[in-house]
Each structure stands twice: as structure tokens, then as C-alpha cells.
Amino acid sequence: MAWLRRNLVVIVGLLVMAYILIPNLVVTVFSFNKPNGRYNYEWSQFSLDAWLNPCASAGLCESLGLSLWVAVVAALVSTVIGTMAAFALGRYRFRGRSATNLLVFFPMATPEVVMGSSLLTLFIAMGIPSGQVTILIAHILFTVSFVVTTVKARVASLDPALEQAAADLYATPAQAFWKVTFPLVAPGIAAGALLAFALSFDDYIVTNFNAGATTVTFPMFVWGAAQRGTPVQINVVGTVMFFGALAIVGFGQLIGARLRVGSRRKEAL
């Protein structure tokens, strides 16, 4: 019992993680299934057909390419805008700062149905036809708030004495930013960019409101395919995205560990 009390938090954490990862495990297993009918809900037999022919389902790769393009562009634009806004809100005092913080929070608190329908009304009033452009604008709008929140938390934790020390060593403001500030904020920027990419790639509701008749993203394709039969290739894409995300996180942790070891060695010398 004493051992259980000491490790209760770790055990509960591992159980929660296992519960969260069960759907991903099911998706991975069923990506190797060869269903008898249209629906990939029951295990039939092991097969590599879906992995060898990921684009066998008509329209899947086209929708996947569109989602990746929108997610990458939206993440890049929202990261640039959000990072600059985070520095402004986290470091400077100006008139309207509180109101700006409130406005940044609105897209995160607003239901997606309301946001999607409001954007659709705006685009119709402005005469902008629904399609890739409207989807991109909508995704940048709601992802930039998450980037601002993530980066601002990192900016708020910075020690101003580090930049002051750089200035004392005759560093210009630009040198102090790129040599001191940016490396310290970079993990927050990377986290905001990855979060923006994931939210954009995964979004269905806002996208469905602002997509054109022939503009189908991957979440929209999955929703439509589920009505008539789920292709196994969808599980393949989900498996690749899941393990790709794990690889990115693991790579980031490895780089962070090496940097920490390097800094400790320098301090020891």
C-alpha cells in the first residue's frame, strides 16, 4: 500500500494516457484491415493494400493535399502575426491593451458554428466567393488567437535582465533580440505554430461553412465518406499523422535534451 500511495499519481497518469491513446491504437490496427463490405468497423483479415495504395479512394489525396496546404499557410501566417502581437501585448503598455487582450480571447471562446456562420455572412456581404481563399482567411482568424496566447505566456516568463546584460555587453537591439530573446521564445513560437497547424488541419465546422461546392478538405472528405462507407485509407492517413506528430515531439525533446547537456558542460568548464 505504501508503494501504491507513492506512485498513485504516476499510475493514474499512465492510465489516463492509455485511455486517450486507445482510439489511435484502434485506427492504427484497422489501417491493416481488409473489410468485407464498405465499412471498416470489424476486423476481417490482415492486408497491406491500403498502405500500398493510399490514394485508391477517389478524392482522398486531393482533399488531404488541400488540408495540408491550408494548414501550413495558416500556421505560418498566424505564427508571424501572433508572435508580433504577443510581444506587443506582453511587453508594452498602450491604450486599448486590455480590450485587445479580450478581442484575442474571443475566437477561442466563440462556438465554431457561430464563427463559421458569421464569417460566411461577412464573405457574402463582401462578394467574396467561397473556396480556398475564404477557408484560409477563416483558419488564420481563429488560429492566430492560440498563437498569441501560447507565445505571450512564453514572453511573460522572460527575465528582462538577460537583454539588459546583452546591452551592457554592447549588443545592438537587433543582436540582443536574435541572440538572446528569440532563442528563449523559440519553443513557444514552435508550440504555437504546431498548435495552429493541428487546429487548422482538423477543423470541420468553420471550414464547412466557408468551403465552396468543389472545395473539400480532408475532414470534410472523412465526414462524407462515413455516410457511405469508410475507406481503410483514412486510417492510413490518421496513423501517419499520429506517428508523425510523435516523431516531431520526440525530435524536439531530443534537441532540448542535447541543448541542456551542452549548457551544463559549458557551465562546468
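One is the number of the first residue; the rest follow in order along the sequence.
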After noting the C-alpha distance and the side-chain angles of Leu136 and Val73, does the key distance pass the side-chain contact (heavy atoms from CB on, under 4.5 Å) rule? CA-CA 8 Å; Leu136 183 59; Val73 176; 3.7 Å; yes

Full working for side-chain contact (heavy atoms from CB on, under 4.5 Å) between Phe123 and Ile137: CA-CA 10 Å; Phe123 292 139; Ile137 295 173; 3.9 Å; yes

Could you go step by step and tell me if Val27 and Asn24 meet the side-chain contact (heavy atoms from CB on, under 4.5 Å) rule? CA-CA 5 Å; Val27 169; Asn24 301 95; 5.6 Å; no

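Ring pair Trp178/Phe182 is tilted by interplanar angle, where 30° to 60° counts as tilted. Ring geometry, Phe30 versus Trp43: the interplanar angle exceeds 60°, so the pair is classed perpendicular (tilted spans 30 to 60°).
With a 4.5 Å cut-off on side-chain heavy atoms, Leu66 and Gln132 count as touching. With contacts defined as side-chain heavy-atom distances shorter than 4.5 Å, the pair Leu14/Met17 does not qualify. You'll find the side chain of Asp203 stays beyond 4.5 Å of the side chain of Leu199, heavy atoms only. Counting heavy atoms from C-beta outward, Thr217 and Tyr204 have side chains that stay 4.5 Å or more apart. Within the 4.5 Å cutoff, side-chain heavy atoms of Thr230 are placed close to those of Tyr41. Inter-residue side-chain proximity for Phe218 and Val237 is flagged as met; some heavy-atom pair is nearer than 4.5 Å. Contact check for Leu158 versus Arg91: side-chain heavy atoms found under the 4.5 Å cut-off.
Sorted by first then second residue, the ring pair (Phe, Tyr, Trp, His ring centres under 6.0 Å) pairs that include residues 133-170, not counting sequence neighbours, are His139-Phe142. Pairs passing the ring pair (Phe, Tyr, Trp, His ring centres under 6.0 Å) check and including a residue from residues 87-112, sequence neighbours excluded, read Phe87-Phe177.
A donor atom on one side chain and an acceptor atom on the other are found under 3.5 Å apart for Ser44 and Asn36.
With hydrogens and angles ignored, the 3.5 Å screen pairs no side-chain donor or acceptor of Asn33 with any backbone N or O of Asn40. Ser117 contributes a side-chain N or O that, together with a main-chain N or O of Val114, makes up a donor-acceptor pair within less than 3.5 Å. Under a 3.5 Å cut-off, the side chain of Gln227 and the backbone N or O of Gly224 do not form any donor-acceptor pair.
Cluster membership check: Trp223 shares its hydrophobic cluster with Leu64, using side-chain heavy-atom separations under 4.5 Å among Ile, Leu, Val, Met, Phe, Trp and Tyr.
When hydrophobic side chains of Ile, Leu, Val, Met, Phe, Trp and Tyr are connected at separations under 4.5 Å, Ile20 ends up clustered with Leu8, Val12, Val16.
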